[in-house]
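Right, one structure below, let's go through it.
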Number of protein chains: 2
Amino acid sequence: MRKRVGPRRPTQVEIAQRAGVSQATVSLVLNERTGAPVAEETRRRVQQAIEDLGYAVNPAARALRGMTVKTIGLYTFESVFPVDQRDFYHPFLLGVEAEAARLGYDLLLFTSANTAQRGVYAMGRNALLKADGCVLLGRHISRDDLANLAKEGFPFVFIGRRDIAGAELSYVAPDYVAPTAALVEELVALGHQRILLLRQTDGAEPGDDRELGLRQGGQAAGLTADDLVVEFSSGAEDIDADRVTGWVQAGITAVVVEPSEDNATGVALAEVAEAAGLRIPDHLSVAFLGSAPPPTATRIWTSFEIPRVEMGRAAVQLLVNLLEGADQPPLQLVVPCIDVRGNSISRVVRR
Amino acid sequence: MRKRVGPRRPTQVEIAQRAGVSQATVSLVLNERTGAPVAEETRRRVQQAIEDLGYAVNPAARALRGMTVKTIGLYTFESVFPVDQRDFYHPFLLGVEAEAARLGYDLLLFTSANTAQRGVYAMGRNALLKADGCVLLGRHISRDDLANLAKEGFPFVFIGRRDIAGAELSYVAPDYVAPTAALVEELVALGHQRILLLRQTDGAEPGDDRELGLRQGGQAAGLTADDLVVEFSSGAEDIDADRVTGWVQAGITAVVVEPSEDNATGVALAEVAEAAGLRIPDHLSVAFLGSAPPPTATRIWTSFEIPRVEMGRAAVQLLVNLLEGADQPPLQLVVPCIDVRGNSISRVVRR
DNA sequence: ATCCTCGATTCATACGTATCAATTCGCGTA
DNA sequence: TACGCGAATTGATACGTATGAATCGAGGAT
C-alpha cells in the first residue's frame, strides 16, 4: 500500500476559491438534487471554474461519506477467473457485464482474492468492500462465507441456489425441479420403469433439486420409490464397465445425469456404455439435467440449458435493487431452463 | 449517488476500545512496516479484537489518505466492451486480467463510461479515478484525451503506439516496422518490383509504422520510391474490381494490407480479386501486416500475429512499475510480432 | 419600525484512516 | 539523584466530500 505520487488533483476548495464561493456551494452545484437552491449566476461561475481546472469529484472521499460509488463487484470461487471463453462461467460474466453497463455501473473483477485461494474472508474481504455490492459465482463455494456475508448485511447476489439456515440470502437460480420432473415423466411414458439419477458428490442444492424433480416426476407418473435409484459420482474415474452393466442388470433402462462443469462424468458414461456394447439410446436412455456435452453429427444429448447470460443480467438487476431500494429484503429469483430435444432417449426395448 | 444503507462495519476505533489501546496503535499493527515497534503482547490483543469483530480496513478511507488501493482500471475506446470472446480485443483482456491477478491487483472494467460514448473526459473521468492507474485500449482513441491524461499525471499505459507532441506517454506497442520491412524484402526476392501498401484511413501511428517498414524494406531491397505505392481504404465498400484491376495494370504484383479489426478490407480484396479472375497468389501476392482472416482448408494468409495476450500482460507490468516505482518516468515497450508463413504470396509470374 | 418568510449561502462537522510529533515509562549511566 | 535514551504508545491532524444547522439579506406584511 504505497503512497500515491504525482501532482494533486484540484479539489472543491480550489474550485470554490476560483469561483469566489464556499466549498459547500460547489458541492451543492455538483449534487443539484439536494433541495437547496443555487442562484443561476453562481451555478454558472462554479461550472466555469470546474471546466477551467478540470475538476473531477474524488470517489474515495465520496465513498467515505457513505455514498455509493456505482461499482459492482464480481467474485468467483473458482481459482481461475472466468474471463476465458472456454470456461463454463463465461456466459454469466457476459450477462453481468452487459447489465452493469446498461445500468451505469462499473464492474470490479476480484482477481487478486482468487490467487490467495482462501475465500472471501481471507484476502477477499478488503476487496469486496471496494464495491457497493457483489455478484458471487461458483460451485465450490463456502457456505460459511455466504452466511457471514449475509449476517454482516453486505449486499450481494449469488448465482445459483444456496439455502443457509438462519439467513435469507439473495440469489438467482435455475429451476432444475420442473424440467427434471418433466423429463422423468417423459421417460416413464416411453416405457421406462427404473430410472437412475447420477448425482455429483459435491452437487449440494442443485443436486437436491434434481433429486426432488426425480421424485416428483416419478410419483406423478406412478412409479414407486424403489423404481427411482440415486447414485453418486465424483468424476470420470468412478464410472467403469462393471458399474454400468450392473445398472442394466438391475433393470435400469434410463440414466439422468447431473452435469459437472466439464461434464466428465457424462462423457465417461457414454464411452463406457458404448465400449460395453450398450448403445444409446437403444439399450440405455441417457439425459443430462442441465448443460450437456456439445452436439456432434450423430448425437444431440437430451438435456436442458441454463439461461446463463440471462441469469447474469438478472443477478445484476437484483443487486441494483438491493442497492438502490431503501432497506430491500433479500430477493430470490428462479428462472426456467430451456428444453433441448435430443436423440439420446428413446422408447424402452424389452429384451 | 444514493446513501449506503445497512449495518455499519467495525472501525479501528472499536478495535482499539476492545483491545484497550488507541486507534493509532491499531493502525500500526495493521501496517507493520512503518518502523514504529509494537510490543508483542499488544499486537496479539489487537489481532484478537480484529478477529473477534471481523474487522476489515475501509478502502475508501485508505484511498482518501492517498494510499493506493490495488486496483487497475481497464478502459476501452470502442463502444462494445471486449468481454465478448469474438471481439478482437479479447486476448488483450485475458493478458491484462492474468497479470493483474498475478501481481495482486483487482481489475476495474469501465463499462459505464462506454455507454456514454463520449470519451474519458465526459462520463469516464470520475470512473478512472476509482483505480490507481489505468490500461487504455482501442483504435478509435481520442488524442486529446490521452494528452490531457498525460498532462494531469494520471498513471496509465496505452496498448498500441500513440505519439503526442509535447507529452511523453507510456505504451506497449507491437513492432510493425521490422516485420513489414522483412516481408517487403521477401517479396522483392520473389521478383516483385512494384508493391502496394493498402492503409486504413484511420490507421494513425500503426499505419505510419507499416509505411515506414515498406520504405525501409523497399530501400534495403533496392527498389525506388516510385516502386512503392500507398493507397487508403476505409472498408470493404471502396474495394471494387476496377480498382484492383487498375493496380495490376499499373504493374502491381503484390499488395500488403494493414488490417482492421474485422479485416473487412482484406476479405473484400480477396473476393474482388478472385471474382475478377485474379488468383492469389499466382496473379497477385497478398499479405497482411498484422492479424489475417482465419485460415481455411486451402488458404493460410501470409501475415504476422500480434502477441496480444503478452501485450496485455506487459501493459499491466508497465503500469505497476509506474505505480510502485517512485516518480518513474513514462515507459515504452515495443514487442516483436510472430511471423505466419502462409501461402498467399509467391514468386511473381511474368506474363 | 418590527417581525416573519424565504431564497441563497456559509459554517461546521463527520466519515475512517495513516502518520508525524509528542508523551510516557523503564532502565542504565554519569 | 539527575540525566539521557530508546522502546512503546498516544494525541492530533489532514485527506476531500456531503449535509444539517446556522447565517445573511431582501422584501413583504403587519
What integer distance in Å separates [X]:[atom1] from [N]:[atom2]?
X        : N      : atom1 : atom2 : answer
A:Leu129 : C:dT17 : CG    : C1'   : 14 Å
B:Asn31  : C:dC20 : CG    : C1'   : 15 Å
A:Arg62  : C:dG16 : CZ    : P     : 18 Å
A:Leu30  : D:dT19 : CG    : P     : 12 Å
A:Glu14  : D:dG16 : CD    : C1'   : 11 Å
A:Gln12  : D:dT17 : CD    : P     : 4 Å
B:Leu64  : D:dT17 : CG    : P     : 9 Å
B:Glu41  : D:dT9  : CD    : C1'   : 14 Å

Shorter than 3.5 Å, N or O on both sides, protein versus nucleotides 4-6 of chain C: list them out with atom names.
none

Along nucleotides 8-13 of chain C, 5' to 3', which nucleotides get a B, which get an S, and which get a -, given that the test is a protein heavy-atom distance under 4.0 Å?
-> SBBBB-
Expected output: side-chain A:Lys151 to main-chain A:Leu146 donor-acceptor under 3.5 Å =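 No.
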Can you tell if the side chain of [X] reaches within under 4.5 Å of the side chain of [Y], non-hydrogen atoms only?
X        : Y       : result
B:Tyr89  : B:Thr76 : no
A:Glu97  : A:Leu74 : no
A:Leu129 : B:Arg9  : yes

Looking at A:Arg45 and A:Glu41, does any basic side-chain N land under 4.0 Å from a carboxylate oxygen?
->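 Yes.
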Salt bridge check: are A:Asp106 and A:Lys70 linked by an N-O gap of less than 4.0 Å?
->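 Looking at A:Asp106 and A:Lys70, the cut-off is not met.
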Rounded to the nearest 0.5 Å, what's the gap from CG on A:Leu93 to CZ on A:Arg308? Could you check?
-> 12.0 Å
Sole candidate of A:Leu319, A:Asn321, A:Leu322, A:Leu136 that passes side-chain contact (heavy atoms from CB on, under 4.5 Å) when paired with A:Ser170 |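 Looking at A:Leu319, A:Asn321, A:Leu322, A:Leu136, the match for A:Ser170 under the side-chain contact (heavy atoms from CB on, under 4.5 Å) is A:Leu322.
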Can you list the residues that meet the salt bridge (charged side-chain N to carboxylate O under 4.0 Å, His left out) rule with A:Arg161, with sequence neighbours excluded?
->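 Scan of A:Arg161 (salt bridge (charged side-chain N to carboxylate O under 4.0 Å, His left out), adjacent residues dropped) gives A:Asp163, A:Asp209.
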With respect to the phosphate group of D:dG16, does any side-chain polar atom (N or O) of A:Arg8 fall under 4.0 Å of OP1 or OP2?
->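 For D:dG16, OP1/OP2 do have a side-chain N/O of A:Arg8 under 4.0 Å.
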